[in-house]
Amino acid sequence: QVQLVESGGGLVQAGGSLRLSCAASGGTFSMYAMGWFRQAPGKEREFVAAISRSSLSSDYADSVKGRFTISRDNAKNTVYLQMNSLKPEDTATYYCARRNSEWAGRTGYVYWGQGTQVTVSS
């Protein structure tokens with residue numbers, strides 16, 4: 001049974017940084033692409049970033065490109081999201097997910113974590 005557990009969320013001022021982590025267990029982490037999504041109150045969940053199983057390719061939503069960086073450590077079964085230059089509109093619950101493919105993409109995610117809250121104050 002695959003489990004994904006996010007951590008690293010919190011309250012930060014605009015312009016600040018946070019690093020989210022997602023620890024995976026119960027599956028062969030290194031074989032699958034991973035992604036980050038977010039959902040703000042009253043809004044639909046949206047794609048943030050994805051990384052291929054070998055870290056050779058990644059994909060970012062336009063709204064975070066140049067500010068967020070996704071990475072992974074297959075030896076630690078962990079995927080990260082470094083978030084810099086945070087804006088109030090980045091406030092949301094952030095979820096990591098495992099894709100049913102080795103390649104980065106925006107759909108096709110099967111397993112999801114419980115989420116971690118990120119709040120950016122102005």
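A cation-pi arrangement is not found for R106 relative to F37, the charged atom failing to lie both closer than 6.0 Å to the ring centre and inside a 45° cone about the ring normal. R45 forms a cation-pi arrangement with W112, by the criterion of a distance under 6.0 Å to the ring centre and an angle within 45° of the ring axis. Geometrically, R53 does not engage Y32 in a cation-pi contact, judged by NZ or CZ lying under 6.0 Å from the ring centre and within 45° of the ring axis.
Between Y94 and F68, the ring-plane angle classifies as tilted under the 30° and 60° cut-offs.
For the atom pair CD (E6) and SG (C96), the distance works out to 4.0 Å, reported to the nearest 0.5 Å. Separation of atoms CZ (F47) and CG (D59) is listed at 4.0 Å; rounding is to 0.5 Å. From R72, atom CZ reaches atom SG of C22 across 10.0 Å, with rounding to the nearest 0.5 Å. Atom OG of residue S52 and atom CE of residue M34 lie 12.0 Å apart, to the nearest 0.5 angstrom. The distance from atom CG of L81 to atom CZ of R38, rounded to the nearest 0.5 Å, is 9.5 Å. From D73, atom CG reaches atom OH of Y80 across 5.0 Å, with rounding to the nearest 0.5 Å.
Nearest heavy atoms, G113 versus Y95: O-CD2, 3.5 Å. Across every non-hydrogen atom of G9 and L20, the tightest pair is N-CD2, 3.6 Å. Closest heavy-atom contact between A92 and A40: CB-N, 3.8 Å. The minimum heavy-atom distance linking F29 with N74 is given by the pair CE2-OD1, 3.2 Å. Contact detail for V120 and T91: the closest heavy-atom pair is N-OG1, 2.9 Å. Pairing each heavy atom of A24 with each of L4, the nearest pair is CB-CD2, 3.5 Å.
Annotation: side chain of V79 is in contact with side chain of I51 (closest heavy-atom distance under 4.5 Å).
Counting heavy-atom neighbours within 6.0 Å of Q114 CD, excluding the residue itself, gives a total of 12 or less. Heavy-atom neighbours of K43 NZ from other residues, nucleotides or ligands within 6.0 Å: at or below the threshold of 12.
Listed for the T78 side chain is a donor-acceptor partner under 3.5 Å among the backbone atoms of K76. Counting only distance, with no hydrogens or angles, the side chain of S101 and the backbone of W103 share a donor-acceptor pair below 3.5 Å. Y60 contributes no side-chain N or O that, together with a main-chain N or O of A50, makes up a donor-acceptor pair within less than 3.5 Å.
When the side chains of ILVMFWY residues are joined at heavy-atom separations under 4.5 Å, either directly or via intervening members, Y109 and Y111 end up in two distinct hydrophobic clusters.
With 3.5 Å as the limit, one finds a donor-acceptor pair spanning the side chains of N84 and S17. Side-chain atoms of Q117 and T93 form a donor-acceptor pair, as typed in the model, at a separation below 3.5 Å.
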| said: Does K87 form a salt bridge (charged side-chain N to carboxylate O under 4.0 Å, His left out) with D90? I'd like the steps, not just the answer. | reply: CA-CA 5 Å; K87 305 175 181 180; D90 294 318; over 6 Å; no

| task | Would you please test R99 and V110 for side-chain contact (heavy atoms from CB on, under 4.5 Å) and show each step? | result | CA-CA 6 Å; R99 193 169 191 241; V110 177; over 6 Å; no

| Trace of the side-chain contact (heavy atoms from CB on, under 4.5 Å) decision for V118 with L18 | CA-CA 9 Å; V118 172; L18 281 175; 3.9 Å; yes

